Structures are given as structure tokens and as C-alpha cells.
Amino acid sequence: MASTLDIRRADERFHTRAGWLDSHHSFSFSRHWDPGNTHFGLLLVSNDDVVAPGTGFDTHPHRDMEIVTWVLDGSLVHQDSEGHNGVIYPGLAQRMSAGNGILHSEKNDSWTLTGQPEHREPVHFLQMWVIPDEAGIRPGYEQLDINDELARGGWTTLASGMSQHADQRAIGMRQKHAALHVSRMRPGETLQIANAPFVHLFVARGSVELEGAGLLATGDAGRITRGEGQRVTAGVEGAEVLMWEMTAAVSMG
């Protein structure tokens, strides 16, 4: 069957504004519900969040979910019931496996851990959820600074459960059918997207030209089914792009 391409524009996303939180949701989330937009491939959540300083998500539970967080600007404090805590910053890949149950919080209050002066800058981050390939596992956490790899250009594998990425410098994920790649593309740089049954391409900043689709600006996404390795080219200001490569989809049975 031929490849199909579904472009979703930034201003078409669901929007939550709660004073301290400004969040855009690529899929149905919380009170926003569209039965025709619940997931793509294995990706159930792709939230684009801005959180005011001194605020954030209080302690809350998760279960049977692989949660990847990618900070674009500012810093985010993670703390969980398994004893993990730390500050996530741009270029630091982070994955939390909720497994058979975990509690965590995410806040824009890095000074509480670092001892540095209180700041007044928001934190801007992406949070993405995929289902694990096994339910009820022990909760887990992993993080890795990949700034050096990003500086070399091209795609950097941020997180993966696929066997072909086992020897690459990426954080692991308990989903053998999914991998997340990221690139800080230089102006005019051209990359090839994954040749996979499901590819979700998200423009976090800047703009790109996607072969067969045209211009994608900040916040736009392409959902590609049966991808054929289309090319993507950064605009004059460059771009930061995240690409989910998936070889399976959520079973709706």
C-alpha cells in the first residue's frame, strides 16, 4: 500500500490554559476528547507545555506507560516515588517507565535542588507517552545528556527499545517497536525520515520543508503511514525536529 501523509497544524491542537500552564495537545488528553484523534502508531500523548516559574505538576500517579520528556528552554525538576530526582535541561534526554505504578512531580523550581537564586523564567518542554510492550514491569528511570551528539548534526537517537539501537548512545525504553530521534537541524540541512510503518514528525522550533507536504512551521506535525524515507529540509533559521519511528500501533481491540 502507498504511503499516506496527514499534516496537523499547530493551531489545530487542543489547548489548555490554566494560569501557570499553557499546554497544547496533539492527541485527545484530559478534558479534550476526539474519538478520531486518540493516538498515532504507539504514541498516545504528545504535549507541548510551558510552565510558569515556581509552579508545576504536583505529585500524581502513572501506570504502564513509557514517558519521555524533552526540554526546549529552561529547566524542569523531576521527583518520583522510586527516589529519583534531578533537573532536566535542554539536551538531557529523560525517560520514566511507570510500570506497575509510580508517583512523580514536575516543577519549574530548579533552585530548590541546585541552591541557585530563584529565577522568573518559564520552562518549555515536550512530554510524549507510548505504551510499553509489557504491562506490570518494575518502574524505572533513565537520563542521558546528548548535547555532544546533537552538535554533530543529523539524527540522534534520543530513546529506543528497538534492537538495532542497542549499541547506540541513547536511553532505553520498554517498547521494542518504537524509537524517538531528534535533530537540531542547521539552516538548509536535509535529512531523510525513517522508512517505517508509522512516523510522527514534530517541529519543535523553526521550520522545515517536508517532501510531499511543503512547509511545516513550529508546532506542526506530520503523521506518516508506511513511510518511504521522505526528505525534510530545514528553513533559513534552522529547526529542532523530533521523529518517532514505530513498527506497530496501539491495538483497539
Side-chain angles (χ1 to χ4, degrees), residues 26-27 39-49 62-72 75-76 78 80 82 84-99 102 104 106 123-135 137-185 191 193-205 221-224 227 240-250:
S26 295
F27 305 99
H39 69 284
F40 179 73
L42 294 165
L43 184 62
L44 275 69
V45 169
S46 181
N47 287 347
D48 186 350
D49 293 338
H62 289 286
R63 186 181 182 89
D64 289 330
M65 198 66 64
E66 297 293 289
I67 300 174
V68 180
T69 301
W70 183 248
V71 172
L72 297 169
S75 58
L76 185 71
H78 166 94
D80 66 44
E82 292 290 303
H84 306 113
N85 64 79
V87 179
I88 314 169
Y89 52 83
L92 181 74
Q94 187 237 47
R95 182 267 304 145
M96 184 181 75
S97 296
I102 196 169
H104 81 139
E106 297 158 300
V123 58
H124 183 192
F125 64 98
L126 306 175
Q127 190 167 94
M128 298 151 283
W129 303 3
V130 297
I131 61 168
D133 52 31
E134 181 181 353
I137 64 172
R138 181 174 179 177
Y141 179 91
E142 190 174 359
Q143 66 180 43
L144 184 69
D145 189 312
I146 58 172
N147 276 295
D148 288 347
E149 286 74 15
L150 289 169
R152 299 186 186 114
W155 292 114
T156 296
T157 303
L158 189 163
S160 178
M162 292 182 170
S163 59
Q164 61 263 41
H165 301 134
D167 296 328
Q168 296 185 17
R169 191 171 185 265
I171 55 176
M173 186 165 55
R174 291 297 297 267
Q175 177 46 264
K176 62 187 176 183
H177 297 292
L180 174 60
H181 313 277
V182 61
S183 180
R184 292 176 180 163
M185 299 178 71
L191 297 174
I193 67 168
N195 187 345
F198 302 95
V199 174
H200 187 271
L201 189 75
F202 180 77
V203 183
R205 68 172 100 236
R223 303 179 187 182
I224 305 165
E240 186 161 340
V241 180
L242 290 94
M243 176 181 67
W244 279 97
E245 173 187 3
M246 297 168 283
T247 60
V250 176

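Since this is a predicted model, take the numbers as computed values, not measurements.
- Residues His165 and His181 meet the side-chain proximity criterion, which asks for heavy atoms closer than 4.5 Å.
- Smallest separation of non-hydrogen atoms from Leu42 and Ala178: CD1-CB, 4.2 Å.
- Summarising the geometry of Met173 relative to Ala159, their closest heavy-atom pair is CE-O, 4.1 Å, with the distance given to 0.1 Å.
- If you take CG on Leu92 and CG on Leu158, they are separated by 9.5 Å, rounding to the nearest 0.5 Å.
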Salt bridge (Lys or Arg N to Asp or Glu O under 4.0 Å) between Glu142 and Arg95, intermediate numbers included: CA-CA 5 Å; Glu142 190 174 359; Arg95 182 267 304 145; 2.9 Å; yes
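- Side-chain contact between Glu106 and Met96 is absent, with no heavy-atom pair separated by less than 4.5 Å.
- Going from atom CE of Met246 over to atom NE2 of His177 covers 12.5 Å, rounded to the nearest 0.5 Å.
- Ring pair His200/Phe27 is tilted by interplanar angle, where 30° to 60° counts as tilted.
- In this structure a side-chain-to-backbone donor-acceptor pair under 3.5 Å is missing from Ser97 to Gly99.
- Here Leu144 pairs with Ile146, Arg169, Ile171 under the side chain to side chain contact (heavy atoms under 4.5 Å, CB included) rule; sequence neighbours left out.
- Contacts of Ser183 classified as side chain to side chain contact (heavy atoms under 4.5 Å, CB included), with partners at least two apart in sequence or in another chain: Trp155, Met185, Leu191.
- Residues Glu149 and Asp145 approach most closely at OE1-O, 4.1 Å, considering heavy atoms.
- Between the side chain of Asn147 and the main chain of Pro90, a donor-acceptor pair closer than 3.5 Å is present.
- Within the model, atoms OG of Ser75 and CD1 of Ile88 stand 9.5 Å from one another, a figure rounded to the nearest 0.5 Å.
- Remark: Glu240 engages Arg205 in a salt bridge, criterion side-chain N to carboxylate O under 4.0 Å.
- Remark: aromatic rings of His78 and Tyr141 are close, center separation under 6.0 Å.
- Val199 and Phe40 get closest at one heavy-atom pair: O-CE2, 3.3 Å.
- Residues Arg223 and Leu43 form no side-chain contact, since every pair of their non-hydrogen atoms from C-beta on lies 4.5 Å or further apart.
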Using the rule given for side-chain contact (heavy atoms from CB on, under 4.5 Å), can you reason through His84 versus Gln143, listing the C-alpha separation, both sets of side-chain angles and the distance that settles it, and then say yes or no? CA-CA 11 Å; His84 306 113; Gln143 66 180 43; over 6 Å; no
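- Side-chain contact check for Gln127 versus Ile67: some heavy-atom pair is nearer than 4.5 Å.
- Each of Thr69, Val68, Leu44 was checked for a side-chain contact (heavy atoms from CB on, under 4.5 Å) with Met128, and the lone residue meeting it is Val68.
- Here the CG-CG distance, from Leu72 to Leu126, works out to 4.5 Å after rounding to the nearest 0.5 Å.
- For the atom pair Glu245 CD and Ile224 CD1, the distance stands at 11.5 Å (nearest 0.5 Å).
- Across all non-hydrogen atoms, the minimal contact from Gly91 to Trp70 is CA-CH2, 3.6 Å.
- A distance of 5.0 Å separates CD in Glu66 from CD1 in Ile137, rounded to the nearest 0.5 Å.
- Counting heavy atoms from C-beta on, the side chains of Met65 and Val45 never come closer than 4.5 Å.
- A pairwise comparison of heavy atoms in Ala179 and Ser160 identifies CB-OG, 3.4 Å as the closest pair.
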